[in-house]
Amino acid sequence: MNSLLLLILLFLIGIVIISLFQSLRSKITRLLSWRLSAIIAGLYLGFLAMLVPILYLLPANDFIKTVENKEQAISNSQILMNDLYNQKFPSEEDLAKLEGVYKNSSHTFKVDSNKLSINLRTKTGSYHVLIQEKDVDDNEINVSAYVTAQYMGEVNFTKQLAPPAISLKNGILFLTTPNYQTLEFKQFNSDFTVDQFKHQNSNNGLSTNFGEQIIYIHVPKNLEINRDGLEDRIQLIGARQKLIQRAQ
Amino acid sequence: MFLKEADLLSFSFKQFVYKLKAHSNLLYGLMLIQIIALFFSIGGVSHMSSSNGELSVSVNTYSASLVIGFSFIWIFFIGILLTTKQYKKIELPLVTSSLSGNLSDIGFLMIASIFGSITSTLVGVLQRIILYISFDQTQIIFDKFLISFYDLVLGIVIGTLYMILISALGYLIGSITKLSMAFVLIIPAIIFGFLRVYTDFFQKVLLVYTKEAALPLFALKVLITVIILFGVSSLLSPNKEVSQ
């Protein structure tokens with residue numbers, strides 16, 4: 001129904017424009033000879049034709065390319081999230097190698113207390129914190145932020161996401177989500193005349209796939225972890241996890 | 001005295017050249033309407049956005065379809081316009097019959113359709129360049145930004161076929177209304193009546209052309225329809241003696 005209304009509206013706009021032009025046409029005709037009309041039409045056509053090679057010569061290095069394997073990236077991300085919910089945690093090496101998962105920041109902090117608390121300041125539940133104890137007591141906390149595949153239609157905007165702000169103060173690791181982010185993309189579709197024969201505009205209804213954030217924290221051996229109230233979002237993995245399971 | 005068959009083509013051609021010059025100012029309307037349509041298209045033809053509370057992602061979609069659509073409206077009116085008394089008067093100084101007059105009109109409509117289709121397709125290129133200049137490259141999705149040469153030619157061919165078809169429809173409607181001014185009211189009444197009783201009739205007719213995915217078949221359908229529409233228009237034109 002909306003498309004019919006749009007069609008009628010376009011038709012009416014067209015009629016108004018043509019009618020206005022027709023009313024002015026007799027006055028314009030007196031001023032313009034057919035030679036001038038032919039020259040103007042030729043210049044118009046020539047100008048438009050000249051734009052074709054210019055279009056091909058435009059530098060296109062920074063354009064968003066949609067050649068990645070979207071299905072594989074989304075599938076990997078979904079499997080990863082299922083594993084996290086089922087308490088199957090990947091090593092950071094495996095996570096970094098996973099197609100579709102992108103590391104968007106990493107930090108190293110000197111331990112300033114014998115106890116570590118996490119202050120998770122996020123607006124959504126899409127943040128998952130994994131804490132792994134190191135084999136050594138090197139007095140350093142290594143934090144890496146990963147983000148799983150994020151798509152709108154064929155556009156992969158994973159790498160454009162701002163990383164969370166991460167800081168350590170008095171034994172508290174602050175993980176703060178960035179300010180509200182707005183991403184805008186411009187996409188061209190084939191004209192309907194071409195699309196009728198090539199069916200290129202199959203992504204008219206663009207589906208959005210928002211991913212999840214994984215914060216991987218490596219802590220020195222024997223550092224006490226406090227995750228009061230955040231047990232469901234902060235997971236201890238490796239040796240520390242086994243200790244907790246034994247205690248339970 | 002009626003025109004001899006052998007002379008018909010040469011008379012029609014002379015008339016066609018004459019009309020090409022006489023009606024050349026009609027192209028201003030096309031150029032104007034394409035620029036207006038381009039202006040309307042700059043904001044995008046569709047918009048989609050999603051948000052998850054932390055992030056909002058939006059995609060603006062652009063195409064030259066609006067420009068092509070406006071050009072279709074233009075050629076429809078040109079088809080009607082050529083049958084009006086004001087435009088038929090142009091034939092008076094020439095040796096003419098109704099058939100040669102119609103043939104020269106058809107020739108003009110075909111040239112106008114080709115011009116309209118080429119320019120409306122190329123306005124899509126202008127639109128891309130304007131957006132390239134206006135926006136950050138990191139916002140532009142590369143896919144379909146570059147139109148392949150094949151797509152350009154295909155777009156021009158399909159656009160031309162559609163415009164010839166639409167011009168033939170306009171020419172037929174103009175020819176019918178020339179028989180009697182009553183048809184100016186009767187034709188819209190029939191159309192609206194049909195739409196009310198057979199809601200999907202016009203949709204089905206449109207689908208015959210718009211859902212055809214094989215180019216040769218589409219061209220054949222358009223060709224047959226155009227021959228019928230122009231043929232009926234010629235039959236409806238009153239026979240007239242050669243005027244000089």
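Every chain is numbered from 1, with letters handed out A, B, ... down the list of sequences.
Most heavy-atom pairs under 4.5 Å with chain A, from the set B:Val125, B:Val157, B:Val59: that is B:Val59. Looking only at heavy-atom pairs under 4.5 Å with chain A, the residue among B:Thr210, B:Ile140, B:Leu152 that has the most is B:Ile140. Comparing A:Ala38, A:Pro59, A:Ser126 by heavy-atom pairs within less than 4.5 Å of chain B, the highest count is held by A:Pro59. Of all the listed residues (B:Ser63, B:Ser65, B:Gly44), the one sharing the greatest number of non-hydrogen pairs under 4.5 Å with chain A is B:Ser65. Listed options A:Phe47, A:Tyr180, A:Tyr56 were ranked by heavy-atom pairs under 4.5 angstrom with chain B; first place goes to A:Tyr180. Considering only heavy-atom pairs separated by less than 4.5 Å from chain B, the leading option among A:Glu184, A:Gln196, A:Gln160 is A:Gln196. Highest contact tally toward chain A, considering only B:Phe76, B:Phe77, B:Trp74, B:Phe149, is held by B:Phe77 [criterion: heavy-atom pairs under 4.5 Å]. Of the listed residues (B:Thr138, B:Ile33, B:Thr119, B:Asn52), the one with the most heavy-atom contacts under 4.5 Å to chain A is B:Asn52. Chain B forms the most heavy-atom pairs under 4.5 Å with one residue out of A:Thr193, A:Leu45, A:Thr177, A:Val52, and that residue is A:Thr193. Per-residue heavy-atom pair counts under 4.5 Å with chain A were compared for B:Gly53, B:Ser117, B:Gly159, B:Gly69, and the maximum is reached by B:Gly53.
Ring geometry for B:Phe115 versus A:Tyr44: interplanar angle of 30 to 60°, hence tilted. Relative ring orientation between A:His107 and A:Phe109 is described as parallel, the plane-to-plane angle staying below 30° on a 0-90° scale split at 30° and 60°. The aromatic rings of B:Phe72 and A:Phe192 stand perpendicular to each other, their planes meeting at an angle above 60°, with 30° marking the opposite boundary. Note: A:Phe210 and A:Phe157 have perpendicular aromatic rings, judged against thresholds of 30 and 60 degrees for the angle between ring planes.
A:His128 has its ring centre less than 6.0 Å from the ring centre of A:Tyr85. Between B:Tyr162 and B:Phe218, the ring center distance clears the sub-6.0 Å criterion.
B:Lys144 contributes atom NZ, which lies 10.5 Å from atom NZ of A:Lys198 (distance to the nearest 0.5 angstrom).
The part of B:Leu66 that comes within reach of chain A is its side chain, from C-beta onward, which places non-hydrogen atoms under 4.5 angstrom from that chain. Using a 4.5 Å cut-off between heavy atoms, B:Tyr150 touches chain A through its side chain atoms alone. Interface remark: B:Leu55 contributes backbone and side-chain atoms alike to the contact with chain A (heavy atom separation under 4.5 Å). For A:Thr182, the parts lying near chain B are the backbone and the side chain together; criterion is any non-hydrogen pair under 4.5 Å. With a 4.5 Å cut-off on non-hydrogen atoms, A:Pro178 does not touch chain B at all. Heavy atoms closer than 4.5 Å to chain A are found in both the backbone and the side chain of B:Val123. Interface remark: A:Ala162 contributes no atoms to any contact with chain B (heavy atom separation under 4.5 Å). Of the atoms belonging to B:Ala214, it is backbone heavy atoms, and not side-chain ones, that fall under 4.5 Å from chain A. No part of B:Ser46 comes within reach of chain A, as not one of its non-hydrogen atoms sits under 4.5 angstrom from that chain.
Only one option out of B:Tyr62, B:Tyr132, B:Phe135, B:Phe142 pairs with A:Phe188 in a ring pair (Phe, Tyr, Trp, His ring centres under 6.0 Å); it is B:Tyr62.
Here the closest heavy-atom approach between residue A:Leu173 and residue A:Val143 is recorded as CD2-CG2, 4.1 Å.
A donor-acceptor pair is defined here as one N or O able to donate and one able to accept, closer than 3.5 Å; such a pair exists between the side chain of B:Lys221 and the backbone of B:Val208.
A side-chain donor from one of B:Ser104 and B:Lys19 sits under 3.5 Å from a side-chain acceptor of the other.
In this structure, B:Ile129 and A:Leu58 have side chains that are in contact, with non-hydrogen atoms separated by less than 4.5 Å.
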